[in-house]
Amino acid sequence: MNELAKELAGRYGARGWHDIRKDLASVEVDAIRIRDVMAYLRDEAGYGHLSFMTAIDNIERGAFTLSYALRDHDARRGLIVHADVDRAEPTVDSIHLLWGQAWTYQREMREWFGIDFPGSPRVDEEFVLEGWEGPPMMRRDFDSLAYSDATYAERPGRVTHDPASHMREKLYPEAAQ
Amino acid sequence: MEPTIIGRIGYAFVSLFVITNYGLLLIGSMARISAKVQGRVGQPVWQPYIDIVKSSAKRNSIGHGAMFYLGPVFRLAGGVGTYMFIPAVFGSVLFRNFSDSGDLLLVMYFIFFGQLGMALGAGEGGHPYSAIGVSRGLAQMTAFEVPFALSVIAVAAQYGTLDINAIVAAQQGGFAHWTLATNPLAVIAAIVAFLGMSGHNPFSVVIAPQEIPIGPPTEYQSNLLGMLQTNRAIFNGAKLVLYMNLYFGGATNIVAMVIKTFLIYFVNVFVGQAFPRLRTDQSIRFFLGAPTLVGIASVIIAVI
Amino acid sequence: MRREKQRVIPPAERATPDLDSGKYLVMWQGPQHPGITGNMSLRLVAEGDTVVDCETHVGYLHRGFEKLMERRLYMQNFPLVCRIAVPEPDFNEYCYAAALEELAGIVIPEKAVWLRTLSLEMMRLASFLMWIGGQAGAFGHGTIAQWSVTMRDYVLDLFEELTGGRIYHMYIIPGGVRGDVPAGFYKRVLETMAVVEKNLDDIELVMFHNAVFKMRAEGLGYIPRDWVDHYGITGPNARAAGVARDLRKDSGYLAYPRLDFQPIVGTESDAYERARLRLGEMYQAIDLIRQIVDMAPKDGPFRERLPNPLYWRIPAGETYVSAECTRGEYGFYVVSDGSDKPRRVAVRGPSYTHAVSVMERLVRGVNIADVAGLMVSLHTYPPEIER
Amino acid sequence: MSEKKTIPAPLANEGLPPEERGLFCDAAPREYEPARGAWERFLNWARSESLWLLGFGTGCGAIELRPLMTSRFDMYRYGIQPRPTPRQSSVFVIGGYASVKTLKRIVRSYEQMMGPKFVLALGSCTINGGMYWDSYNTIKRIDQYIPVDVYIAGCMPRPEALLAGFQELKRIIKSGGGEGQNEYARNFDWYKANQKKVIKDWNMPDYNW
């Protein structure tokens with residue numbers, strides 16, 4: 001545990017500091033404090049560069065885990081900040097005022113996961129999709145193959161094999177029988 | 001023996017036919033030369049012919065009203081008109097065209113008539129890139145017209161006439177009599193203006209594919225495009241012949257004509273391959289700068 | 001300070017022009033437009049010749065990679081990742097492979113380290129060669145593109161010999177590289193580098209000492225230094241603004257700590273400076289390739305033995321691996337939940353910020369004619385935005 | 001092809017504001033009778049020797065068009081050259097997978113091209129979905145939406161393969177087989193129904209012939 005971990009834990013109740021490798025760590029905070037944590041990390045702790053933001057659908061826990069990857073270029077280390085939000089009603093504070101490119105990521109997450117960022121510019125506009133009528137497609141309960149089969153016409157003759165069973169039949173035909 | 005008016009019209013058609021083919025081959029061979037600069041083999045020399053046949057053989061076409069159709073017609077009229085009042089080969093009956101009926105001012109008028117007609121027609125196309133291309137084209141045209149007009153004034157003042165035949169006649173008798181030798185400043189101003197007129201780099205602001213693909217002709221297709229391509233050949237040929245007559249001593253036979261116009265055009269292509277494109281405001285500033293001063297100087301030299 | 005420097009607008013909320021006033025012309029640049037990089041579009045609002053507002057529209061190339069990867073085995077994803085960024089697929093392969101190795105705890109052999117470095121540097125060179133043609137072409141100079149794309153093709157020939165593929169190499173696999181160096185390959189690398197270097201000299205002479213190119217590019221698209229952190233700008237765009245950041249130096253991945261190079265840093269931060277800087281990086285790449293050829297171990301294994309890829313389960317965990325591609329920080333964020341398929345793979349492409357936020361900001365106040373040149377000078381590539 | 005004519009698509013400029021509807025045409029395209037005999041053969045020869053590509057890089061296949069255009073492979077030798085506007089081009093190169101958003105633009109550009117027009121589809125992903133067979137955003141076969149003359153398999157097809165594809169296209173045109181425009185007009189309802197099945201946000205004018 002280092003200084004920053006203690007500081008974050010004391011100020012914002014951060015927990016679970018984990019050193020992934022020597023120049024990358026991860027920490028978990030509450031989603032409600034995410035903007036304060038980010039502002040602190042940017043202004044006080046030197047993590048001035050936002051590499052990317054994304055979300056992970058932890059459907060088993062009923063939560064989206066947001067990941068904010070920051071980088072301190074002077075100290076040459078990175079930090080991934082995690083925050084869980086409720087999967088049923090995902091709303092997170094927007095950080096578009098802290099970083100100039102954050103609104104694009106928020107727009108992406110809004111479209112891909114359905115996570116809302118109130119106040120973020122153009123957040124309700126379509127980002128990469130157009131006329132999309134299905135559920136947010138990066139959620140784990142959206143089945144890409146079923147949607148594709150139902151929507152797009154297929155050329156007859158294409159076969160898809162399960163790799164494991166196909167290889168077993170090819171390489172060990174006697175064992176497969 | 002002076003031919004009848006019917007005969008002269010017949011000769012004019014022959015002459016127009018020759019210049020059209022010459023212009024097309026010139027475009028084809030220049031494309032091949034540029035390809036060599038770029039390290040390629042390049043398209044066949046006769047590719048412009050196939051392109052015109054292909055464009056004209058399109059089965060359907062769309063229109064945007066009468067002016068839209070008239071644009072290429074005006075442009076073709078401008079090209080043919082320019083050529084009709086210039087003697088392609090000095091002293092030849094066949095290639096004299098109607099040069100004794102018109103003078104330099106009429107030719108200059110025809111050079112810009114085509115562009116204006118095209119501007120009207122292209123504006124009708126309704127595409128924003130056409131409109132931008134038209135405004136760029138007209139802006140640049142007014143700019144390069146200044147050195148060109150100054151240079152023409154210098155030539156007219158030097159030879160004391162506006163008759164192109166007389167200007168060519170005055171330049172006969174060897175290199176020392178050419179305008180190139182007697183008033184080189186006028187030639188410099190005119191050649192720079194020609195770079196702008198022919199629309200090669202760095203003055204290709206009108207059709208700039210990366211900026212406004214491809215400017216005024218964006219909406220033109222099918223046989224209208226075929227007409228524009230034909231006109232490009234005629235118009236190029238006409239302008240080259242005009243330049244040859246005004247500054248390079250004209251030509252007394254068709255071989256001299258071919259060699260001289262080829263070289264004049266080659267300068268354009270050569271410059272075009274070595275430069276990127278200027279912005280419209282930069283190109284206007286350029287034409288109104290040094291070339292205009294050179295043009296003024298050439299007029300002064302011609303007058304005193 | 002160069003003259004005609006673009007007015008710096010402080011980062012602020014975007015003011016939408018009143019389109020009903022009749023003062024403005026709305027036009028689309030792209031997706032069907034030769035002056036756009038890749039397949040994306042800009043909705044420009046112009047007042048006269050000047051752009052006053054811009055919206056970027058992306059998504060024309062969205063294939064849903066991140067969703068597809070969740071459906072596939074770790075090894076099945078490997079041919080998929082390189083298709084995220086077509087001009088330089090090797091960075092995808094490297095970041096993905098390195099992330100898996102880190103999660104699974106695999107250490108790759110020394111020779112693979114060097115071959116990966118070689119592959120990445122050759123890819124950087126090829127990508128820059130493609131870019132310089134685009135930059136000259138955006139200002140209407142087609143000759144440069146004809147030369148440089150051919151040079152790129154010679155580099156692709158080397159790739160073809162090394163990996164069997166021209167565009168998609170699928171060479172850097174988890175555990176090492178896919179194949180060994182063919183006999184005499186290094187010699188041909190050096191020969192090609194000599195040809196490319198000679199051609200770069202020509203390009204420098206014709207393009208960078210050209211008055212018209214200078215007139216167009218100088219002062220265009222000025223990125224202030226304080227934007228670099230605010231917008232997350234990386235790569236040559238940041239270095240041209242005077243921020244000496246290069247992940248090859250800072251993170252020191254692969255064999256870079258053992259190679260002799262210094263990040264090239266500019267000062268003026270305009271399109272000309274960025275082009276100049278990228279030319280310098282091309283020379284640098286050639287130099288690095290020569291060093292690698294010189295120092296790479298000539299024998300030894302090139303690949304670590306992997307478990308059966310059909311049943312390869314990677315322990316639960318997460319990691320983020322980034323590398324310095326030609327455009328900036330390229331990264332893969334891989335989350336594993338202990339199964340044989342990744343839980344989440346997120347790709348961080350530098351164009352994400354360059355082509356959207358920075359572009360929308362920079363293009364304001366620029367002449368319509370310069371939009372294409374500005375866009376190319378940021379060196380953006382749309383597929384890594386939308387994946 | 002007769003069984004293709006099933007669902008008639010509504011012929012209206014849906015999605016357009018009322019004041020813009022008059023600018024676009026509601027009529028379906030019509031078929032054009034080819035000329036007869038030697039004259040048509042001559043025209044077809046000219047069409048095949050002057051192929052103007054539409055400069056629209058719809059997918060990653062566009063990256064191999066660059067080497068093709070430049071001095072290594074130099075497609076100008078064969079009378080092929082890029083053209084920035086659909087009005088003037090005659091060949092549409094579909095550069096690989098088409099996402100739904102791009103498909104809309106592909107259809108639009110294709111309809112704007114003047115006939116006879118030819119389509120060259122590159123890559124496995126245009127043939128049967130290729131690598132993106134289970135993607136929710138890419139179509140699996142392009143010939144459901146526009147008529148295709150030549151497919152070039154591979155991912156990606158090399159420039160040599162593209163040149164071979166162009167030669168094949170030339171052969172087809174010379175033999176009078178490049179009638180994609182008429183095929184599109186004949187089966188227009190079927191194509192439109194397919195397109196509208198996939199493209200949900202049909203916020204663009206239907207036709208502009």
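When reading the values below, keep in mind they use all heavy atoms of this one structure, side chains included, and skip hydrogens, waters and symmetry mates.
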Examine whether an atom of C/Arg166 lies under 4.5 Å from a heavy atom of chain D, and if so say whether it belongs to the side chain, the backbone or both; otherwise answer neither. side chain

Would you say the ring centroid of C/His62 lies under 6.0 angstrom from that of D/Tyr97? no

Beyond-backbone contact of C/Asp157 with D/Arg72, side-chain heavy atoms, under 4.5 angstrom: yes

Under 4.5 Å heavy-atom distance to chain D, tell me which part of C/Pro79 shows up: side chain, backbone, both or neither. both

D/Asn137 (side chain) donor-acceptor with C/Arg63 (main chain) under 3.5 angstrom: no

Nearest 0.5 Å, what's the CH2-CZ distance between C/Trp28 and D/Arg105? 7.0 Å

Measuring heavy-atom distances to chain C, does D/Leu54 have an atom under 4.5 Å in its side chain, in its backbone, in both, or in neither? side chain

Which atoms of D/Cys125 are under 4.5 Å from chain C, going by heavy atoms: the side chain, the backbone, both sets, or neither? neither

Engaged part of C/Pro383 at the chain D interface, taking heavy atoms whose separation is under 4.5 Å: neither

Decide yes or no for D/Pro67 and C/Arg152: does some side-chain heavy atom of the first lie under 4.5 Å from some side-chain heavy atom of the second? yes

Looking only at D/Cys155, D/Gly96, D/Gly59, most heavy-atom pairs under 4.5 Å shared with chain C are made by D/Cys155

Excluding sequence neighbours, so at least two apart, what forms side chain to side chain donor-acceptor pair (under 3.5 Å) with C/Asp90? C/Ser119, C/His169

Charged N to carboxylate O below 4.0 Å: is that the case for D/Arg158 and C/Glu160? yes

Which bit of C/Phe65 is near chain D, if near means a heavy-atom gap under 4.5 Å: side chain, backbone, both or neither? side chain

Rounded distance [0.5 Å steps], CZ in C/Arg71 versus OG in D/Ser135: 10.0 Å

Got D/Thr70 and C/Trp147 here, is their nearest side-chain heavy-atom distance under 4.5 Å? no

State, to 0.1 Å, how close C/Gly59 and D/Ser99 come at their nearest heavy-atom pair, and which atoms those are. O-OG, 3.9 Å

With the threshold set at 4.0 Å, does a side-chain nitrogen-carboxylate oxygen contact exist between D/Asp134 and C/Arg72? yes

Let's go through C/Met130 and D/Ile63 carefully: what are the C-alpha distance in whole Å and the side-chain angles of both, what is the deciding distance for side chain to side chain contact (heavy atoms under 4.5 Å, CB included) to 0.1 Å, and is it a yes or a no? CA-CA 10 Å; C/Met130 180 103 161; D/Ile63 198 161; 3.5 Å; yes

Pairing of D/Arg66 and C/Asp153 as salt bridge, 4.0 angstrom limit: no

Tell me, for D/Ser109 versus chain C, whether the close heavy atoms (under 4.5 Å) come from the side chain, the backbone, both or neither. side chain

Below 4.5 Å from any heavy atom of chain C, which atoms of D/Pro86 appear? Answer side chain, backbone, both or neither. both

Between D/Ala98, D/Pro84, D/Pro82, D/Gly95, which residue shows the highest count of heavy-atom pairs closer than 4.5 Å to chain C? D/Pro84

Note, D/Phe56 side chain near C/His33 side chain (heavy atom, < 4.5 Å): no

Would you say C/Tyr154 has more than 12 foreign heavy atoms packed within less than 6.0 Å of its OH? no

Which residue pairs pass the salt bridge (Lys or Arg N to Asp or Glu O under 4.0 Å) test when at least one of the two sits in residues 26-36 of chain C, sequence neighbours left out? none

Less than 4.5 Å to any heavy atom of chain D: does that hold for the side chain of C/Leu68, its backbone, both, or neither? side chain

Rounded to the nearest 0.5 Å, the OG1 atom of D/Thr102 sits from the CG atom of C/Asn39 at a distance of 4.5 Å

Supply the atom-to-atom distance D/Met131 CE to C/Gln76 CD, rounded to the nearest 0.5 angstrom. 10.0 Å

